[in-house]
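Step one of this worksheet: look at the structure below.
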2 protein chains.
Amino acid sequence: MAGTREALIDAAASLLDEGGPAAVTLREVARLAGVSHNAPYKHFADKEDLLAAVVARDLTRQAEQLRRRVRGLPAIDAVRASLHGQIRHALRRPHLFRVTYGPWTTRSPELTHAATAGRAAFVELVAAAQREGALPAGDPERLASLLQSVVHGAVHLALAGHLARQGKGRADPIDLVDELLANLRTDTR
Amino acid sequence: MAGTREALIDAAASLLDEGGPAAVTLREVARLAGVSHNAPYKHFADKEDLLAAVVARDLTRQAEQLRRRVRGLPAIDAVRASLHGQIRHALRRPHLFRVTYGPWTTRSPELTHAATAGRAAFVELVAAAQREGALPAGDPERLASLLQSVVHGAVHLALAGHLARQGKGRADPIDLVDELLANLRTDTR
DNA sequence: ACCTGAACACCGTTCAAGT
DNA sequence: ACCTGAACACCGTTCAAGT
């Protein structure tokens, strides 16, 4: 049955969202998918390989959704939409976010490809915004790394409860990335 | 014996650095400390509580070391030294870094206190640099969060292999935080 | 107060066997 | 090709008992 593999990925994704990587036991994944507790091994090398499939599928879907959303927008708006979208997605599915950018011992080609493609697409948006003069000149890959760093760091700090959520210092990840973007834009004169 | 607790923390820290959280088994921790495999439970509530002690001790030591190193420096240099120090430490001990800012279900008071104190000290440095006119005005906590975000995000991306390590786009975490600092400083005119 | 040895429940993974 | 049931090794945690 070809549906089994997809059902296993669905089950793993659901368990991951609800309880984190520790809650993704192959036994429970199999039970949710309606197969025996070791049927997953016929589809995935091990638990990490299953998680890699969950992450790769999500990265691909996110990239598709982003492409649809930014079509026709000025490049700088596309950059901002991409960053905001990554933040919203990460805050909505924190366990998935942590696993996605956590340590991998498996080098799943599927996962590597999805991650590389997503990053390349973002660098392209940044380069286009630079050509429009809406972001400062300089190597686009490096500027993209700076923006990605703020997004990732702010999300990690927010998930760990290390960002002030009220008072004068209040800052959520969206605020912080907007502040950086504003700073970069005023620099272009 | 009062040394047992410290020996357990030493053993856990060592196993964490070598093989990550999964390698920190209470059995191996106990073996390294020369006690029975469940003696740790007389000193720590559970595995997470032991890891919290490892992290809290490290945060405290890092804060002390930073304080010594920046004494007498102009505030902006202290800010930069703090950020660079965090990056070097994180890259040297990646597992410890990930655990430190990862998900905690335990609310260890020891850990909470160490984290809060460290953050407050950094905000103070940022505020001082603002008073010296070396960083743009605005809420210091918020600006500190932006700087911390870049550090954390750049380290996470570097550890995950998502920063270009060669070519034009080459960017390591030190480069990225320096780029942000330069940007913030040119803004002050 | 601190430690030990046995035991329990749970999990990732393997394997021989079935259709 | 895909699935099942039994089994193995390992781990976190608990408990009764020792000094």
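A note on names: the letters A, B, ... follow the listed sequences, proteins ahead of strands, and every chain is numbered from 1.
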task: Evaluate the ring planes of B:His152 and B:Tyr101, with Trp represented by its six-membered ring, and classify them as parallel (under 30°), tilted (30 to 60°) or perpendicular (over 60°).
output: perpendicular

- request: Could you tell me how the ring of B:His156 sits relative to the ring of A:His156: parallel (under 30°), tilted (30 to 60°) or perpendicular (over 60°)?
  value: parallel

Over how many whole Å does the gap from [X] atom [atom1] to [N] atom [atom2] extend?
{"X": "B:Arg27", "N": "D:dA9", "atom1": "CZ", "atom2": "C1'", "value": "11 Å"}
{"X": "A:Arg31", "N": "C:dC10", "atom1": "CZ", "atom2": "C1'", "value": "15 Å"}
{"X": "A:Lys47", "N": "D:dC10", "atom1": "NZ", "atom2": "C1'", "value": "14 Å"}
{"X": "B:Leu15", "N": "D:dC11", "atom1": "CG", "atom2": "P", "value": "11 Å"}
{"X": "A:Leu8", "N": "C:dG12", "atom1": "CG", "atom2": "P", "value": "13 Å"}
{"X": "A:His43", "N": "D:dA1", "atom1": "NE2", "atom2": "P", "value": "13 Å"}
{"X": "B:Leu51", "N": "D:dG12", "atom1": "CG", "atom2": "P", "value": "10 Å"}
{"X": "A:Glu48", "N": "C:dT13", "atom1": "CD", "atom2": "C1'", "value": "15 Å"}

query: What does A:Val29 touch in the nucleic acid at a heavy-atom separation under 4.0 angstrom: a base, only the sugar-phosphate, or nothing?
result: nothing

- request: Looking at every strand, decide which applies to A:Ser36 at a 4.0 Å heavy-atom threshold: base, sugar-phosphate, or nothing.
  value: base

query: Checking A:Ser14 side chain against A:Asp10 main chain: does a donor-acceptor pair fall under 3.5 Å?
result: no

query: Do the side chain of A:Arg142 and the main chain of B:Arg170 share a donor and acceptor less than 3.5 angstrom apart?
result: yes

message: Let's go through B:Arg92 and B:Asp17 carefully: what are the C-alpha distance in whole Å and the side-chain angles of both, what is the deciding distance for salt bridge (Lys or Arg N to Asp or Glu O under 4.0 Å) to 0.1 Å, and is it a yes or a no?
response: CA-CA 9 Å; B:Arg92 222 193 306 269; B:Asp17 285 341; over 6 Å; no

- prompt: Can you tell me if the side-chain N/O atoms of B:Thr4 get under 4.0 Å from OP1 or OP2 in C:dC2?
  reply: no

Check: protein-nucleotides 14-19 of chain D nitrogen or oxygen pairs below 3.5 Å:
unit_1: D:dT14; atom_1: O4; unit_2: B:Asn38; atom_2: ND2; d: 2.8

query: For the residue pair B:Val54 and B:Ala12, what are the closest heavy atoms and their distance?
result: CG2-CB, 3.7 Å

- line: Comparing A:Gly34 with B:Asp46, nearest DNA chain D nucleotide closer to 5' gives the residue A:Gly34

query: Is it the case that B:Ser145 and B:Glu141 place a side-chain donor and acceptor less than 3.5 Å from each other?
result: no

- request: Kindly indicate, with the supporting measurements, whether the criterion salt bridge (Lys or Arg N to Asp or Glu O under 4.0 Å) is fulfilled by B:Glu64 and B:Arg61.
  value: CA-CA 5 Å; B:Glu64 283 166 12; B:Arg61 286 183 181 171; over 6 Å; no

- line: CZ of A:Arg119 to CG of A:Leu59, rounded to nearest 0.5 Å, is 10.5 Å

Identified stems (criterion: three or more consecutive Watson-Crick or G-U pairs, under 3.5 Å), DNA chain D: C:4-8 with D:12-16, C:12-16 with D:4-8

